[in-house]
Engineer: 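So that we are looking at the same thing, I have put the structure below in structure tokens.
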Number of protein chains: 2
Amino acid sequence: MTATLETLAQQLREHGHKLTQPRCAVLHALLSTAKPLSPAEIQALGQGFCADLGLVTVYRTLELMEEIELVRPVHLADGCHGYVLATPGHTHHVICERCHAVIEISGCGMGDFLNFVAERTGYRITGHWLEISGLCADCQHIP
Amino acid sequence: MTATLETLAQQLREHGHKLTQPRCAVLHALLSTAKPLSPAEIQALGQGFCADLGLVTVYRTLELMEEIELVRPVHLADGCHGYVLATPGHTHHVICERCHAVIEISGCGMGDFLNFVAERTGYRITGHWLEISGLCADCQHIP
DNA sequence: ATCCTAATTGAAAAGACTTTTCAATTAGGA
DNA sequence: TCCTAATTGAAAAGTCTTTTCAATTAGGAT
Ligand SMILES: [Mn+2]
Ligand SMILES: [Mn+2]
Ligand SMILES: [Zn+2]
Ligand SMILES: [Zn+2]
């Protein structure tokens, strides 16, 4: 099931939040691309839908949407991060290092490795953060 | 082989850098704990060895040491990060979410998972970033 | 041991990004 | 349509990092 403005808006309402023009503009921006967007980029794109969308509102909206798992922060190679629409639950992202296209991987294939780490270190493992970088199918053909 | 001030200093020299008092102070600070330290924390600890160690110098020194793989940034849960001494090569870290103690895992047990991701997505995988969080052996006993 | 010079330093300023404050506006139920 | 709490944008404040630049320092050459 692909996210649409309607499904996303519905999730906002289900969590008791108002569906405002600025919030719609943020959703429009995120829906317009599969790449992570910075708050400033979201503002710029969002102003096509809500002309005076403020950067402060973008920050507040992203914080809100992150809480209800509508968006997820993505750490890029240089450490700073952008935001992408997310499906709920535990996922990982593969990011093209050339064009920044993101594909979400649902599920987690790291169980065995984490068990090994637990035995090796004596830690009780409670979570992990994984970002995978590579070249997308398109970018492999563009040297 | 555990890192000492002498081995670390030697590595700086081998890369053609001067061994200055401020740089020694940063190494002292990093050697004094197994937890990730922020630039400000490194400055505070380092001033025990070099009284007027400046924060700007800490930033410059960390950048330098990161280039020669003497230190590594560690992303904490809240996104900001600290630095720890690192062994060269590909490693991962396990961080205690209560006391922040870090253990380094050398090697990488994710080959199979990354192959799966490559097949699933069509991406050519070139790198990954993984941080594991948990409770260290000590902290498991302290509710 | 002393000199010399490029590397390095700290303070101050600038810059980038994020959060707080607050009066005005708005969504959506009554 | 009215009402009110939620939400908004602008401005200010705050945090963290980088740049600039004159002064200092490490370490090789004498
Ligand atoms: Mn996982
Ligand atoms: Mn690995
Ligand atoms: Zn690409
Ligand atoms: Zn612990």
Side-chain angles (χ1 to χ4, degrees), chain A residues 5-6 8-29 36-68 70-71 73-83, chain B residues 5-6 8-29 36-68 70-71 73-83:
Chain A
L5 191 62
E6 285 69 34
L8 295 166
Q10 182 57 28
Q11 297 208 56
L12 271 181
R13 284 211 200 78
E14 281 171 10
H15 284 267
H17 302 296
K18 291 188 177 180
L19 183 60
T20 64
Q21 291 303 310
R23 286 173 182 168
C24 280
V26 169
L27 290 177
H28 268 291
L37 296 175
S38 68
E41 289 170 328
I42 290 170
Q43 180 190 30
L45 283 169
Q47 285 181 335
F49 303 93
C50 179
D52 56 354
L53 175 65
L55 186 55
V56 177
T57 298
V58 174
Y59 277 101
R60 286 189 284 227
T61 302
L62 288 172
E63 184 184 19
L64 183 81
M65 292 182 174
E66 195 178 341
E67 277 166 18
I68 63 178
L70 234 56
V71 302
V74 176
H75 286 251
L76 271 30
D78 58 358
C80 59
H81 55 260
Y83 292 83
Chain B
L5 192 61
E6 286 68 34
L8 295 166
Q10 182 56 29
Q11 296 208 57
L12 271 180
R13 283 210 200 79
E14 281 171 9
H15 283 268
H17 302 296
K18 291 188 178 180
L19 183 60
T20 64
Q21 291 303 309
R23 284 172 183 169
C24 280
V26 169
L27 290 177
H28 269 290
L37 296 175
S38 68
E41 290 170 328
I42 291 170
Q43 179 190 30
L45 284 169
Q47 285 181 333
F49 303 94
C50 179
D52 55 354
L53 174 66
L55 185 56
V56 177
T57 298
V58 174
Y59 277 101
R60 286 188 285 226
T61 301
L62 288 172
E63 185 183 20
L64 184 81
M65 293 181 174
E66 196 178 341
E67 277 166 19
I68 64 179
L70 234 57
V71 302
V74 175
H75 287 251
L76 271 32
D78 56 1
C80 58
H81 55 262
Y83 293 84

Engineer: Between D:dT7 atom C1' and A:Leu53 atom CG, what is the distance in whole Å?
Structural biologist: 13 Å
Engineer: Can you measure A:Leu12 atom CG to C:dA27 atom P for me and round it to whole angstrom units?
Structural biologist: 14 Å
Engineer: Once you round it to whole Å, what is the distance between C1' of C:dT8 and CE of B:Met65?
Structural biologist: 13 Å
Engineer: If you look at every strand shown and take non-hydrogen atoms under 4.0 Å, does A:Arg23 touch a base, only sugar-phosphate, or nothing?
Structural biologist: sugar-phosphate
Engineer: When the distance from CG of B:Leu19 to P of D:dT24 is rounded to whole Å, what number comes out?
Structural biologist: 21 Å
Engineer: Nearest-Å distance, NE2 (A:His15) to P (D:dT7)?
Structural biologist: 14 Å
Engineer: What is the separation between atom CD on B:Gln47 and atom C1' on C:dT9, rounded to the nearest whole Å?
Structural biologist: 14 Å
Engineer: Nearest to the side chain of B:Val56, which nucleotide is it out of D:dA11, C:dA11, C:dT8?
Structural biologist: C:dA11
Engineer: Of B:Leu55 and B:Gln21, whose nearest nucleotide on DNA chain D comes first from the 5' end?
Structural biologist: B:Leu55
Engineer: For the pair made of CD1 in A:Ile42 and C1' in C:dC17, what is the distance, rounded to whole Å?
Structural biologist: 14 Å
Engineer: Could you work out which one of C:dA7, D:dT7, C:dT9 sits closest to the side chain of A:Lys18?
Structural biologist: D:dT7
Engineer: When you measure from the side chain of A:Arg23 to the backbone N and O of A:Lys18, does any donor-acceptor pair fall under 3.5 Å?
Structural biologist: yes
Engineer: Could you tell me the Watson-Crick or G-U partner of D:dC2, where both distances fall under 3.5 Å? Say none if there is no partner.
Structural biologist: C:dG29
Engineer: Working to the nearest 0.5 angstrom, can you tell me the gap between B:Leu64 CG and B:His17 NE2?
Structural biologist: 4.0 Å
Engineer: Could you work out which one of C:dA27, D:dT8, C:dT9 sits closest to the side chain of A:Pro22?
Structural biologist: D:dT8
Engineer: Rounded to the nearest 0.5 Å, what separation is found between the CG atom of B:Leu53 and the NE2 atom of B:His28?
Structural biologist: 11.5 Å
Engineer: Which heavy atom of A:Leu12 sits nearest to which heavy atom of A:Met65, and what is that distance?
Structural biologist: CD1-CE, 4.2 Å
Engineer: So which nucleotide does C:dA23 pair with, by the Watson-Crick or G-U wobble rule with both distances under 3.5 Å?
Structural biologist: D:dT8
Engineer: Looking at B:Thr20, I'd like to know whether one of its side-chain N or O atoms comes within less than 4.0 Å of OP1 or OP2 on C:dT9.
Structural biologist: yes
Engineer: Tell me the interatomic distance from A:Arg13, atom CZ, to C:dG29, atom C1', rounded to whole angstroms.
Structural biologist: 13 Å
Engineer: Check the orientation of A:His75 and B:His75. Use parallel for under 30°, tilted for 30 to 60°, and perpendicular for over 60°.
Structural biologist: perpendicular
Engineer: As a test of reading the structure: which of C:dG28, D:dT7, C:dT8 is closest to the side chain of B:His17, going by heavy atoms?
Structural biologist: C:dT8
Engineer: Please pick, from C:dT26, D:dA26, D:dT8, the nucleotide with the shortest atom-to-atom distance to any side-chain atom of A:Arg60.
Structural biologist: D:dT8
